[in-house]
Amino acid sequence: MNRTTKKGHRMQEPSVQEANPVNYKETLNLPQTAFKMKAGAATREVEIEAHWEEHQVYETMLAASDKAHAFVLHDGPPYLSSDKIHIGTALNKILKDIVTRYKSQQGFYTPYVPGYDGHGLPIENAVVKNIKGGRHVITETELRKRCREFALANLKGQEVNFKRLGIWGDWAHPYISIDAEFEATQIRVFGEIYDKGFVYKGLKPVYWCPSCETALADAEVEYADHVSHSIYVKFPIVQFPGAGKGEEALNVEEMDKRVPLLDGASFVIWTTTPWTLPANLALAIHAAFVYVVIETADHGKLIVAEDLLETFVSTIGLELAQVNVLGKFCGTELALIKTRHPFIDRESPVLLGEHVTLDAGTGVVHTAPGHGMEDYLVVQEYNRKEPVFQETPIEILSPVDNAGKFTDEARVPELLGVFYSKGNEIVLQILQDRGALIQSSKFSHSYPHCWRCQNPVIYRATEQWFIDINQFRADALAAIDTVNWLPERGRNRIFSMVEGRGDWCLSRQRVWGVPIPIFYYQDTREVLITPEIIAHLYERFKVHSSDLWWEETPEQLLAGLPEALKQQYGIGQRLLEKEMDIMDVWFDSGITHTAVVKARQDELGDLPVAMYLEGSDQHRGWFQSSLLTSVMLYGKAPYQNVMTHGFVLDESGRKMSKSLGNVVDPNTVIREYGADVLRLWVASVDYTNDVRIGKGTLHQMAEIYKKVRNTVRFILGNLYDFDPAQHRVPYAQLSTLDRYSLHRLQHILGNITEAFEKWEFYRYCHEIQYLCMADLSALYFDVTKDILYSDAPNAPRRRAVQTVLYEFLSTILPVLVPVTPHLAEDIWLSLPEAQRMCTNGQSSVSAALLPWPQPNPEHVHPALVQSFDTLLSIKETVNQALEVPRSEGHIGKSLQAQVTLVTQDADKFALLQQTGEDELATLFVTSGVTVAQQAPQLDASQWHTRLESNGIQVIATPASFPECARCWKYEPTVGQTAGHPLLCARCSEAVKAH
RNA sequence: GGGCCAUUAGCUCAGUUGGCUAGAGCGCACCCCUGAUAAGGGUGAGGUCCCGUGUUCGAGUCACGGAUGGCCCA
């Protein structure tokens, strides 16, 4: 190969060049490796995954580790409503995989069983959407069959995606909440919880979607703008409470004096849902508010809160001056007055409630316990403690059916069969006709909608099965504090949620799920559920799945029970019905600690498992449902550590949405960059907060990946003739730079290990990056290249450098495994057997089996850091000084210059002397270094630059010796060896060795 | 509307209990090398530490208020 045209500075010895055509390049030890510079991730990563599968690497790992020393990360099941995965799911799975792989390398037994959540409304809806003619043209059994097929098909799709991310786990045996055994366990768990008395049947308002005809969990409700009515309605007073029936503070004499004031007066309520008025059974006011009685021309005497008087008056189109304030009452004074319902022959008592506010309205709240949570709670309280209502409790009335249509319970003939929202206008008309309507308008506000069909939802009291949280709330809260929450603030988050949450409504009026395993006697509506029946159902479901509930009659379901029990329960004599509600899907996933972990105890060990790791939204979801069920069953939390991550936003910090077009698809990323680049992104961001991703971010990750790859490639290329068993050089024989580099390696390994122990992967990324860029590429490689290439292959200092390189490789390779397992494997597979750093007969089949590197105290040498900090800062000054002649065209590479270092600083001078001029020249990659205490005389005919920094003067001048044709250094020994007129002494020797 | 969290260079992150001129790597610009080559080396330019007020000799750091974004709730 011919050298390209030289620049002016090379023209110093043109005759020598032309005189000798020998191609010395052939005699150099240039890097040789099959490890490719380009990853070719799209194909190579797939090959590597095939390699893992073929050699059962995951299974090998498990088999080799000690089950007694376990770290079990229990997978939270993604929902099978789609066969695609989101970037957020990718983030989640990759984090889990990094954790698992790291712990495995640390010697833990780390089984990972991927899971899937296969029941639930979204799946059912997706399937129903594809049924021509709607859901009722097929049987429920058929619908369930299709749901199952749909879920399983999606599982296949998601699984392919997960595996392609390089996620390690028991893919042959995942858990699915629709497995017969899982479902059977769920039946058993329900029975156990029922038996312990946590389950009750209640009438309670819940979010209800009339179009989906189902109750909704809080999490299934989304808020969106909605135009509602805003109406003010009169409730005339009909009766005052008898003496002694009111609040204790009530002064009867005082009351009597004031009563005439109230005679003929009406409370004014404000509501945004006129259609709930047929269900009105009370009014609520606040004990501490002041209420005024006013006289109006059009509406007579009205009662509203004083603080809201002004807004109320202006709303009904009056001036404050036009109304006459007749008197004032404290809220407590008005309690238990009875008012008349505006259009139903019924009384509505006035109750006191803390939920009444002065934000809007009149300070008098229309109370329909069947249509509002707070209404329900205040009524329950009065029914419990107020003697009047203990005798005749206020009813929980909810006169609309599943489809949102009024029933005859509304006691309004015009409304019968009318959809609730249509009822608004009818109610308005009735109020108008009765003269009860003071004012009506419309306004837009935030209102709950069904997350599935996007229609407005209502509150509706229905019969449902509940879990009574109060029975174990304290235990649940105590269990929270036994858990290590990562980040710490997660503790407060879930604590306040559990502290304040209401009862858990288990019932869902759907078919795609696990049935609530309860029978009713048709005659009495009594409930039939016993441990024997549960045990029987458990056995049968285990074989036939929960489909059985839809396929068999109660008698068939219970046919296998012992005759004695049948007799006892009256089976065959009294007709039975099945409960046809299914369980909330959060209950399904909430019991994976039992249906998965305990069921596979041999493999997964006992509860609590080491870690749950999900997005921070799961404080309300899976973390909570798992905690609650586990506390009910076992009295303790199911996990020791709960790690959470934030959400994935776009590059500018905005939520991803199809409409904004800023969605990042993990498969697109993989196609363009490969899974390891995506994994590197996961490791690089602070996942404890929300994280960002976009084109720029990914490009940067790709750059880092390439840098790491090329750094390793350089090492591999220069170890082609190195056998650690034969050529390793003892530490004592290494140069100071070698030892400094090994110290740096130890330092960085320490930082990396610490980062992993604290789960701070982004710190790991910075360390790896810095190691490759600064310590290796820019320093160690740059400086030692000359030795590696030009020394004789067996030269001791070359072997020393190789020893150091091998040390770096041995440390970096295992450390790359958790984050970039494909890259690590690619490196591993290109290593010759002799360089595979397996100890004690480990399998050499995969890099993933390499243990995490142990610190090597022998390589720790802090004193070297001090001296090298100084030397490297001088190198920086030298570089700056060399920029001047370079920019002026005098030199190109630094070897074309030599430098003189002048210092009067005794310590620095000593350090330079001790280091030695040759060593300094090597470190600075210049041709010669002179250390002096006084500035030398300079040859005015040549270029020179001077730069002073930190008490050291750097003087750069042209290299003063001929260039060696082989190593390109400017050396005094060039031409001194017979037969090699163009070579320096070292190269002459090296050439002989070749 | 309420609660929690975040905001340091174009990007990803450092910045101890308040204390030198706010750092690193990448990216960018310019230069060099052509024996790591769709590589490699060097130099350099980038910051209203989200904004405001306060506490203090001194605030990226502490307090209060606000903005923007996110999560949860109503």
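Residue numbering restarts at 1 for every chain, and letters A, B, ... go by the order of the sequence lines.
Base orientation of B/rG46: syn, the glycosidic angle falling within 90° of 0.
Across all strands, A/D617 comes closer than 4.0 Å only to sugar-phosphate atoms, never to a base (heavy-atom distances). Residue A/K38 is classed as a base contact, given a heavy-atom separation below 4.0 Å to a base.
As a whole-Å value, the separation of A/F781 CZ from B/rG40 C1' is 11 Å. Look at CD on A/Q618: it is 12 Å from C1' on B/rC71, rounded to the nearest Å. Look at CD on A/Q896: it is 13 Å from C1' on B/rG41, rounded to the nearest Å. Protein atom CZ of A/R966 is 11 Å distant from nucleotide atom C1' of B/rG35, rounded to whole Å. A/M773 places its CE atom 12 Å from the C1' atom of B/rG40, with the value rounded to the nearest Å. Rounded to an integer number of Å, the gap from A/I494 CD1 to B/rC71 C1' is 15 Å. Atom NZ in A/K25 sits about 11 Å away from atom C1' in B/rA36, given to the nearest Å. Atom pair A/I874:CD1 and B/rG42:P shows a separation of 17 Å (rounding to whole Å applied).
Shown for residues 697-706 of chain A: residues whose heavy atoms fall under 4.0 angstrom of RNA chain B, namely A/Q700, A/E703.
The separation of B/rA22 from B/rU61, taken at their C1' atoms, amounts to 12 Å, rounded to a whole angstrom. Atom C1' of B/rG35 sits at a distance of 14 Å from the matching atom of B/rG41, rounded to the whole Å. Going from the C1' atom of B/rU7 to that of B/rC13 covers 14 Å, rounded to whole Å. Nucleotides B/rG18 and B/rA63, compared at atom C1', are 13 Å apart to the nearest Å. Between the C1' atoms of B/rC50 and B/rU68, the separation comes to 8 Å (whole Å). Comparing B/rU17 with B/rG60, their C1' atoms sit 16 Å apart, to the nearest whole Å. Here the separation of B/rA9 from B/rG46, taken at their C1' atoms, is 6 Å to the nearest Å. Comparing the C1' positions of B/rG40 and B/rA67 gives a spacing of 46 Å, expressed to the nearest Å.
A donor-acceptor contact closer than 3.5 angstrom is absent between the side chains of A/Q618 and A/T644.
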Output a table of donor-acceptor pairs, distance under 3.5 Å, between side-chain atoms of residues 493-500 of chain A and any protein atom two or more places apart or on a different chain; print 'none' if there are none.
residue, atom, partner, partner atom, Å
A/S496, OG, A/N492, O, 3.1
A/S496, OG, A/R493, O, 3.2

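Counting only Watson-Crick and G-U wobble pairs whose two key distances fall under 3.5 Å, RNA chain B forms stems of three or more stacked pairs at B:1-7 with B:67-73, B:10-13 with B:23-26, B:28-32 with B:40-44, B:50-54 with B:62-66.
Residue whose closest nucleotide on RNA chain B sits further toward the 5' end, between A/V691 and A/L779: A/V691. Nearer the 5' end of RNA chain B, as judged by each residue's closest nucleotide, is the contact made by A/K785, out of A/K655 and A/K785.
No donor-acceptor distance shorter than 3.5 angstrom exists from the side chain of A/Q880 to the backbone of A/L947, with no hydrogens or angles considered.
A salt bridge (charged side-chain N to carboxylate O under 4.0 Å, His left out) with A/D791 is found for exactly one of A/R798, A/R986, A/K785, A/R966, namely A/R986.
Cation-pi geometry between A/R709 and A/F35 is satisfied (NZ or CZ under 6.0 Å from the ring centre, within 45° of the ring normal).
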